Enquirer: 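Below are the structure tokens for one structure; questions will follow.
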Amino acid sequence: MYTTVEDFITEWKNEAALTRKVLDSLTNEALQQQVYPEGRTLGRIAWHFVTNIPDYLTEFGLSVDKVPNSGEVPSAREIAETFQTISANVVNALKEQWTDDSLAQIQNAFGRMESNATILMGLIKHIVHHRGQVTVLMRQAGLPIPAVYGPAKEGWIQLGVQTPPL
């Protein structure tokens with residue numbers, strides 16, 4: 001749990017770097033990869049979690065500029081660049097608008113009473129959840145998967161480690 005704003009910012013920056021590696025690996029063609037025929041595309045999922053960040057934080061009292069035209073999925077490059085901008089905006093907003101004491105404040109979060117620290121952790125978990133979905137769809141689209149919490153298949157091969165048998 002975060003007891004200081006700086007604790008959260010440290011984890012935010014680490015997770016943002018991992019997310020940026022994934023987003024930087026996307027191609028415009030891969031954005032069309034679907035979960036299933038009627039399901040969301042990889043592009044829609046990535047754009048959702050990127051554009052949701054300001055909405056989520058604004059809901060809980062942090063002012064972060066929202067993404068204009070968030071209904072339209074842009075290019076892969078624009079998704080990655082928008083995430084980078086939003087990520088920096090989150091850090092600045094927290095430093096300017098909240099104190100360490102703000103993290104202990106309790107408020108209603110989707111029907112549960114939670115501390116702001118828990119709400120911030122929920123944001124990271126939301127991004128991690130969707131980042132995982134994106135990497136599965138990247139694999140289905142034929143893209144290499146960057147290492148996130150450890151090497152993907154390509155990383156193990158580069159290390160000379162044979163992937164486990166099926």
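Only a predicted model underlies this, so the values are computations on that prediction, with no experimental measurement involved.
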Enquirer: Write out all pairs satisfying salt bridge (Lys or Arg N to Asp or Glu O under 4.0 Å) with one or both partners inside residues 90-103, taking only residues at least two apart or from two chains.
Expert: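 Residue pairs passing salt bridge (Lys or Arg N to Asp or Glu O under 4.0 Å), neighbours aside: none found.
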Enquirer: Which salt bridge (Lys or Arg N to Asp or Glu O under 4.0 Å) pairs, counting each pair once, include a residue from residues 54-65, with sequence neighbours left out?
Expert: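 Pairs touching residues 54-65 that pass the test: Asp55-Lys66.
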Enquirer: Would you call Glu154 and Arg139 a salt bridge, using N to O less than 4.0 angstrom?
Expert: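 Counted as a salt bridge, because a side-chain N and a carboxylate O are separated by less than 4.0 Å.
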Enquirer: Atom CD1 of Ile9 and atom CG of Leu94: how far apart are they, to the nearest 0.5 Å?
Expert: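 Reported value, rounded in 0.5 Å steps: 5.5 Å.
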Enquirer: Answer with yes or no whether the hydrophobic clustering places Met1 together with Trp12; edges join I, L, V, M, F, W, Y residues whose side-chain heavy atoms lie under 4.5 Å apart.
Expert: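 Both belong to a single hydrophobic cluster.
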Enquirer: Would you call Ile45 and Val35 a side-chain contact if the rule is heavy atoms closer than 4.5 Å?
Expert: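 Result yes, sub-4.5 Å side-chain heavy-atom pair found.
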Enquirer: With a 3.5 Å cut-off and no angle check, do the side chains of Gln84 and Arg20 form a donor-acceptor pair?
Expert: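 Present: a donor and an acceptor within the cut-off.
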Enquirer: Counting only N and O atoms by type, is there a donor-acceptor contact under 3.5 Å from the side chain of Gln33 to the main-chain atoms of Met138?
Expert: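 No, because the side chain of Gln33 does not come within donor-acceptor range (under 3.5 Å) of the backbone of Met138.
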Enquirer: Looking at side-chain heavy atoms only, is the closest gap between Val128 and Ile124 below 4.5 Å?
Expert: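 With C-beta onward as the side chain, the pair touches.
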Enquirer: How long is the span from the CG atom in Leu57 to the CG atom in Asn52, to the nearest 0.5 Å?
Expert: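 Interatomic distance, Leu57 CG to Asn52 CG, rounded to 0.5 Å: 8.5 Å.
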Enquirer: Identify the two heavy atoms, one from Leu42 and one from Val134, that lie closest to each other, and give their separation to 0.1 Å.
Expert: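 Heavy-atom minimum between the residues: CD1-O, 4.0 Å.
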Enquirer: Quick one: closest heavy-atom pair of Asn28 and Ala76, and the distance?
Expert: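 Heavy atoms only, the tightest pair is OD1-N, 2.7 Å.
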Enquirer: Can you give me the closest heavy-atom contact between Leu18 and Val148, atom names plus distance?
Expert: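 In this case the closest contact between Leu18 and Val148 is CD2-O, 3.4 Å.
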Enquirer: Could you label the plane-to-plane angle of the Tyr2 and Phe8 rings as parallel, tilted or perpendicular, counting under 30° as parallel and over 60° as perpendicular?
Expert: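 Taking Phe8 first and then Tyr2, their aromatic rings stand perpendicular (interplane angle over 60°).
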Enquirer: Verify, without hydrogens or angle tests, whether Trp47 (side chain) and Glu72 (backbone) share a donor-acceptor contact under 3.5 angstrom.
Expert: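 The answer is yes, because a donor-acceptor pair under 3.5 Å joins these two groups.
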Enquirer: Taking Glu78 for its side chain and Ser75 for its backbone only, find out whether a donor-acceptor pair lies under 3.5 Å.
Expert: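 Such a contact is found between Glu78 side chain and Ser75 backbone.
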Enquirer: Tyr149 ring centre to Arg131 NZ or CZ under 6.0 Å, with the angle to the axis within 45°?
Expert: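 Ring-cation test returns yes.
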Enquirer: Are more than 12 heavy atoms, taken from residues, nucleotides or ligands other than Arg44, located less than 6.0 Å from that residue's CZ atom?
Expert: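 Yes, enclosed.
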Enquirer: Working to the nearest 0.5 angstrom, can you tell me the gap between Leu23 CG and Glu81 CD?
Expert: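 Leu23 atom CG to Glu81 atom CD measures 11.5 Å (nearest 0.5 Å).
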Enquirer: Without hydrogens or angle criteria, can the side chains of Thr118 and Ser115 be said to hold a donor-acceptor pair below 3.5 Å?
Expert: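 Yes, a side-chain donor-acceptor pair sits under 3.5 Å.
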Enquirer: Is it true that Val136 and Tyr36 fall in one hydrophobic cluster, defined by side-chain heavy atoms closer than 4.5 Å?
Expert: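 No: no chain of side-chain contacts under 4.5 Å links Val136 to Tyr36.
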Enquirer: Please give me the minimum heavy-atom distance between Ile145 and Thr135, naming the atom from each residue.
Expert: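 Looking at all heavy atoms of both residues, the closest pair is CD1-O, 3.3 Å.
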Enquirer: Flag the pair Ile86 / Pro54 as yes when at least one side-chain heavy-atom distance between them is below 4.5 Å, and no otherwise.
Expert: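 The answer is yes, as the side chains (C-beta and beyond) meet within the 4.5 Å cut-off.
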Enquirer: Would you say the side chains of Ser102 and Gln105 form a donor-acceptor pair under 3.5 Å?
Expert: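 Side-chain D/A pair, Ser102 to Gln105: absent.
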Enquirer: Which heavy-atom pair separates Ala93 from Ser63 by the least distance, and what is that distance?
Expert: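 Minimum heavy-atom contact is CB-O, 3.7 Å.
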Enquirer: Please find the pair of heavy atoms, one from Thr19 and one from Ile127, that lie closest to each other, and give the distance.
Expert: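 Looks like OG1-CG2, 3.7 Å.
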Enquirer: For residues 57-76, which residue pairs qualify under ring-ring contact (aromatic ring centres under 6.0 Å, His included), counting only residues two or more places apart or in two chains?
Expert: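 Residue pairs passing ring-ring contact (aromatic ring centres under 6.0 Å, His included), neighbours aside: Tyr56-Phe60, Phe60-Phe110.
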Enquirer: As an exercise, state the distance from NE2 of His130 to CG of Leu137, rounded to the nearest 0.5 Å.
Expert: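 That separation rounds to 12.0 Å.
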Enquirer: Please confirm whether the backbone N or O of Thr4 pairs with a side-chain atom of Asp7, one donor and one acceptor, at under 3.5 Å?
Expert: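 Side chain of Asp7 to backbone of Thr4: a pair is present.
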Enquirer: Would you confirm whether Asn89, through its side chain, and Val64, through its main-chain N or O, come within 3.5 Å as a donor-acceptor pair?
Expert: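 Here the side-chain-to-backbone pair does not exist.
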Enquirer: Is it true that atom CG of Asn69 has more than 12 heavy atoms of other residues, nucleotides or ligands lying nearer than 6.0 Å?
Expert: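 Counting other residues, nucleotides and ligands, CG of Asn69 stays at 12 neighbours or fewer.
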